[in-house]
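Below is one structure, written out as structure tokens; the observations come after it.
Chain identifiers are assigned alphabetically (A, B, ...) following the order of the sequence lines, protein sequences preceding nucleic acid strands; residue numbering begins at 1 within each chain.
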Amino acid sequence: MPSTSFLSTTIPYVNAYPHLGHALEYVQSDAYVRHMRRSGVDTFFVSGSDENSLKNVLAAERLGITTRELVDTNVQRFTHLLELLDVDLSYFIRTSVDPDHIDGATEFWRRMESAGDIYAKEYEGLYCVGCEQFYAESELVDGLCPEHHTRPELVREQNYFFRLSRYQDRILAAIENGELSIVPASRANEVISFVRSGLADISISRSRRRARDWGITVPGDPEQVMYVWIDALTNYTNALGWSRDDERFRRYWTEATRRVHVVGKGVIRFHAVYWPAMLMSAGLPIPTDIVVHGYITLSGQKISKSLGNVIDPTELVQQFGTDAVRYFLLADFSPFGDGDFSEERLISRYNGDLANGLGNLVSRVASMMNRYRGGVVPAAGPVGDPERELVDQLRSSSRAMAEAMERYDHREAAARVWDLVRRTNAYVDERAPWHLAKAAGENEESAALLDTTLHHLAGTIQQLATMIAPFLPGASERIAQAWGIDRGAADPTVAGDPAAAGLPDLTGRRIEKPPTLFPRIEV
RNA sequence: GGCGGUGUAGCUCAGUUGGCAGAGCAAGCGGCUCAUAAUCGCUGUGUCGCCGGUUCGAGUCCGGCCACCGCUACCA
């Protein structure tokens, strides 16, 4: 039986349009999942929408529609973006409508309660509606919320609290002994120092009145609803049907090799501290990996609606194409740090790597195969140093790519694949098949060498098609079609056992010339 | 204030245990014509943030400083 794993994106609030940051997280997660699946790991991939937020209520009020109408409409913008980006989800969970989520969040609460980790307490604090969180006096800037620059309101009510303090030592131990891996290491250090500084119990409910009657009811107390973050975090296990003991939960969570959450740097604490503590309380396995990405800036500025510099990823995909946007996000952006977006850079990457690099390589090889050998891959003739060098590069690129993806470094992985693209283009020029073809009439050596060259090129490109699949699923598929590869029958040795990757023998394979993969963008 | 990180070619970045500074892109020159005006080869440039120290030798180790960033604390 193949090993199994779980991977999730975070679930965004749907009070506004998706932006480029959402696209980044979607594409990163999808690339990781495609790599894992191709490596033979049966991976369950979850995304969804966080709908039980007061922000949604307030956004709906501003628009004069019901909260239900707002979330039902907006969630489609996110699912649409996921489709446009060719994100291969197993399940999309909606926290305000999915019965598995509502039942699951409720049951999760009961579990934590029976563990003795939930208690009621009178609470008074300064609450920012925008952040949906309480602030200490000292955290405010001139008495205003540091995020929203609004005055928080003084709220006094009885809430339920979660005994987070009880889990301090266990969480610290889990991080330090590697049971819970936080990537990159600098983020793990931040979490460690935060946990070491002492964990206070956290408020996990709101009065129904303050929540505007929107949210998941606290079991046994109809006057309280769950704090949105508490129900939201349980989406990951709820998506697997945990509360009704679905087989999927056992297979993809309890018995999974890896349980991975891909998150933005702003929500580390929820995922690396609160959520593991909740799982410990409920007696469930904690995540194995928290992968933390940065934010996308535009000309160095944080993207925000007030600055008016929001980039609509939907428009970007419509303008440049799914693969172009995916490749740009994965090959040009650091997986962990912030990155700066510009259209010039996207076009430069596209023309350089995709059109002139990979696209032109496939085009010239397919063209020569058809021109010189009637579109049928010949058996290899004698093999020399250029061939050995090419196959060495194939092996090392394959191995380096897989290693980088295991570290969640998609940028490094793409760079190593493009080492092979460059080497292959150079190999074409070294052998110069057009010269061999001219001489082939008079001497058999040239004809045999031409066979060798075309044979090696066909095999290399087939492997390239497999290697690029996590980044460029569309192009991968189009090459596969032109190369007559069975769908889903990609050579598993390339990713599953990279060191063993070699040249497949495609002798006799019919190769078509595919339509231009990546037309140049003329500026 | 504390802890941590970053600072390397015009741009984006790589540089294991200290041993002559690297890649890609951009730029210049040359080659080729299979290919998407593509591709291949060659070429240059660096006070490795600054100052000092250890060492035969420091981008790398140590101390100090500057700039930017992250987490966190405190005072108002």
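- Across all strands shown, A:Ile268 has no heavy atoms under 4.0 Å from either base or sugar-phosphate atoms.
- Across all strands, A:Ala426 comes closer than 4.0 Å only to sugar-phosphate atoms, never to a base (heavy-atom distances).
- The nucleotide B:rA21 finds no pairing partner, because no Watson-Crick or G-U wobble arrangement with both distances shorter than 3.5 Å includes it.
- Within the 4.0 angstrom heavy-atom criterion, only backbone atoms of the sugar-phosphate kind lie near A:Asn425; the bases stay farther away.
- Contacts of A:Ser197 with the nucleic acid, taken as non-hydrogen atoms under 4.0 Å apart, are absent.
- Taking the six-membered ring for Trp and thresholds of 30 and 60 degrees, A:Tyr427 and A:His456 have ring planes inclined between 30 and 60 degrees apart.
- Listed nucleotides B:rG70, B:rC34, B:rC13 differ in distance to A:Glu190; the shortest reach to its side chain belongs to B:rG70.
- Only the P atoms considered, B:rU39 is 42 Å distant from B:rC51, to the nearest whole Å.
- In this structure, the ring of A:Phe471 has its center no less than 6.0 angstrom from the ring center of A:Trp418.
- Here A:His435 does not reach the OP1 or OP2 of B:rC34: none of its side-chain N or O atoms lies under 4.0 Å away.
- Relative orientation of the A:Phe341 and A:Phe328 rings is perpendicular, given thresholds of 30° and 60° on the angle between their planes.
- Across all strands shown, B:rG1 forms a Watson-Crick or G-U wobble pair with B:rU72, both key distances being under 3.5 Å.
- Heavy atoms of A:Thr516 sit under 4.0 angstrom from at least one base atom.
- In this structure, A:Phe518 reaches the bases: a heavy-atom distance under 4.0 Å links it to at least one base atom across the strands shown.
- Using a 30° and 60° split on the angle between ring planes, A:Tyr32 and A:Tyr408 fall in the perpendicular class, above 60°.
- Listed nucleotides: B:rC34, B:rA14, B:rU36. Nearest to the side chain of A:Arg411: B:rA14.
- In the set B:rC34, B:rC13, B:rU36, the nucleotide with an atom closest to the side chain of A:Arg371 is B:rC34.
- Here B:rG70 is the nucleotide among B:rG70, B:rC32, B:rU39 with the atom lying nearest to any side-chain atom of A:Lys265.
- Atom name P, nucleotides B:rC20 and B:rG63: the rounded distance is 25 Å, in whole Å.
- Contact annotation for A:Arg422: backbone-only contact, meaning every heavy-atom pair under 4.0 Å involves sugar-phosphate atoms and none involves a base.
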